[in-house]
Protein chains: 2
Amino acid sequence: MADDRLSVIFAALADPTRRAILARLVEGDATVTELAEPFAISLPAISRHLKVLEQAGLITRSRSAQWRSSSLNPEPLREATAWMERYRQFWDTNFDRLDAHLKRMRTQTEQNEK
Amino acid sequence: MADDRLSVIFAALADPTRRAILARLVEGDATVTELAEPFAISLPAISRHLKVLEQAGLITRSRSAQWRSSSLNPEPLREATAWMERYRQFWDTNFDRLDAHLKRMRTQTEQNEK
DNA sequence: TCGTTAATTAACGGATGCGTTAAACATAGA
DNA sequence: TCTATGTTTAACGCATCCGTTAATTAACGA
């Protein structure tokens with residue numbers, strides 16, 4: 001896999017188990033065992049998923065005694081959506097209104113600066 | 001890779017060459033050869049990337065004589081952003097979507113003007 | 001029909017992804 | 001210190017991804 005940041009983020013999201021883990025973390029921090037509970041896969045597998053999420057910056061982890069707590073850090077999702085926003089005009093008709101509005105504002109600003 | 005729709009979409013986006021192809025298609029439909037031109041990889045490799053994008057629904061293809069034209073279909077991006085939107089409240093405390101969008105657009109515009 | 005152009009498919013190699021089980025590590029606590 | 005608990009690392013198997021080159025398919029056009 002390419003190691004640029006966006007690729008790492010999208011790759012992390014391309015697994016349903018990892019997306020489910022993120023969804024679970026919305027409800028609050030959780031330990032590895034807690035996160036593993038809903039899934040029919042081994043603990044080491046979950047551990048690896050968490051590593052992937054951590055490397056993508058989607059979670060941060062803290063240790064307290066022998067427990068490793070994961071917490072959600074959705075900032076990378078902002079980057080990912082920012083990338084996709086560039087395509088919004090192709091599916092979102094509201095964008096046209098917004099874009100027109102923006103253009104008007106810019107024109108206005110430019111005139112003000114003259 | 002899991003074969004659910006979101007996984008397929010995110011996996012398709014997890015490659016910089018494929019994202020570059022999508023970016024190129026914003027400017028209009030293109031043939032395989034045209035799409036391959038900026039890259040230092042072989043035509044068959046591009047052909048496979050296009051297949052991945054097509055299976056993710058991100059492009060549609062038409063044939064005219066011996067040319068296969070690709071055109072952008074960003075609908076899957078809407079699905080992907082829809083999934084991510086559920087996390088927006090965690091990164092955008094102001095939650096002023098319009099404002100954020102305008103800010104992004106302005107930045108982009110400024111960069112384009114440089 | 002033959003040659004040219006456009007694109008895909010076939011066959012292969014190497015890297016990575018995702019799962020497993022077994023072993024190791026880290027900490028708490030009797 | 002010994003044991004239990006939580007988690008990670010090691011080692012492996014198998015599937016998939018991503019690239020290559022060579023061969024094949026498809027359509028045009030002299």
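Letters A, B, ... mirror the listed sequences (proteins, then strands); counts begin at 1.
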query = Do side-chain atoms of A/Arg63 reach the backbone of A/Arg68 as a donor and acceptor pair under 3.5 angstrom?
reply =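 No.
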query = Does B/Ser64 reach the main-chain N or O of B/Trp67 with its side chain, forming a donor-acceptor pair under 3.5 Å?
reply = no
remark   = Among the nucleotides C/dT8, D/dT9, C/dC18, whichever has the atom closest to the side chain of A/Ser47 is D/dT9
Could you tell me how far apart [X] ([atom1]) and [N] ([atom2]) are, to the nearest whole angstrom?
{"X": "A/His49", "N": "D/dT9", "atom1": "NE2", "atom2": "C1'", "result": "16 Å"}
{"X": "A/Asp15", "N": "C/dT16", "atom1": "CG", "atom2": "P", "result": "18 Å"}
{"X": "A/Arg48", "N": "D/dC12", "atom1": "CZ", "atom2": "C1'", "result": "11 Å"}
{"X": "A/Ile59", "N": "D/dT7", "atom1": "CD1", "atom2": "P", "result": "12 Å"}
{"X": "A/Leu43", "N": "C/dT20", "atom1": "CG", "atom2": "C1'", "result": "13 Å"}
{"X": "B/Phe39", "N": "D/dG19", "atom1": "CZ", "atom2": "P", "result": "10 Å"}
{"X": "B/Glu34", "N": "C/dA7", "atom1": "CD", "atom2": "C1'", "result": "13 Å"}
{"X": "B/Leu35", "N": "C/dT8", "atom1": "CG", "atom2": "C1'", "result": "15 Å"}

ask   = Between B/Lys51 and B/Glu54, is the closest basic N to carboxylate O distance under 4.0 Å?
value = no
Contact under 4.0 Å: [X] side-chain N or O vs [N] OP1/OP2:
{"X": "B/Arg61", "N": "C/dT8", "value": "yes"}
{"X": "B/Lys51", "N": "C/dA7", "value": "no"}
{"X": "B/Ser42", "N": "D/dT20", "value": "yes"}

query = So what does B/Ile41 hit on the nucleic acid, given a heavy-atom distance under 4.0 Å: a base, only sugar-phosphate, or nothing?
reply = sugar-phosphate
request  = Identify which one of A/Thr60, A/Leu77, A/Ile21, A/Leu22 satisfies the side chain to side chain contact (heavy atoms under 4.5 Å, CB included) criterion when paired with A/Leu72.
outcome  =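 Result: among A/Thr60, A/Leu77, A/Ile21, A/Leu22, A/Leu22 is the only option passing the side chain to side chain contact (heavy atoms under 4.5 Å, CB included) with A/Leu72.
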key: Under 4.0 Å protein heavy-atom contacts per nucleotide of nucleotides 23-30 of chain C, with B for base, S for backbone only and - for none   = ---SBS--
request  = Take A/Ala40 and B/Ser69, find for each the nucleotide of DNA chain C with the closest heavy atom, and name the residue whose nucleotide sits nearer the 5' end.
outcome  =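 Mapping each residue to its closest nucleotide by heavy atoms, the 5'-most match is B/Ser69.
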query = Where do A/Ala11 and B/Ala14 come nearest, in terms of heavy atoms and distance?
reply =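 In this case the closest contact between A/Ala11 and B/Ala14 is N-CB, 3.6 Å.
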Shortest non-hydrogen contact from B/Asn73 toward B/Gly57 =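 The answer is ND2-O, 2.8 Å.
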ask   = What residues, two or more places apart in sequence or in another chain, satisfy side-chain contact (heavy atoms from CB on, under 4.5 Å) together with B/Pro16?
value =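 So B/Pro16 forms a side-chain contact (heavy atoms from CB on, under 4.5 Å) with A/Ala2, A/Asp4, A/Ser7, B/Arg19.
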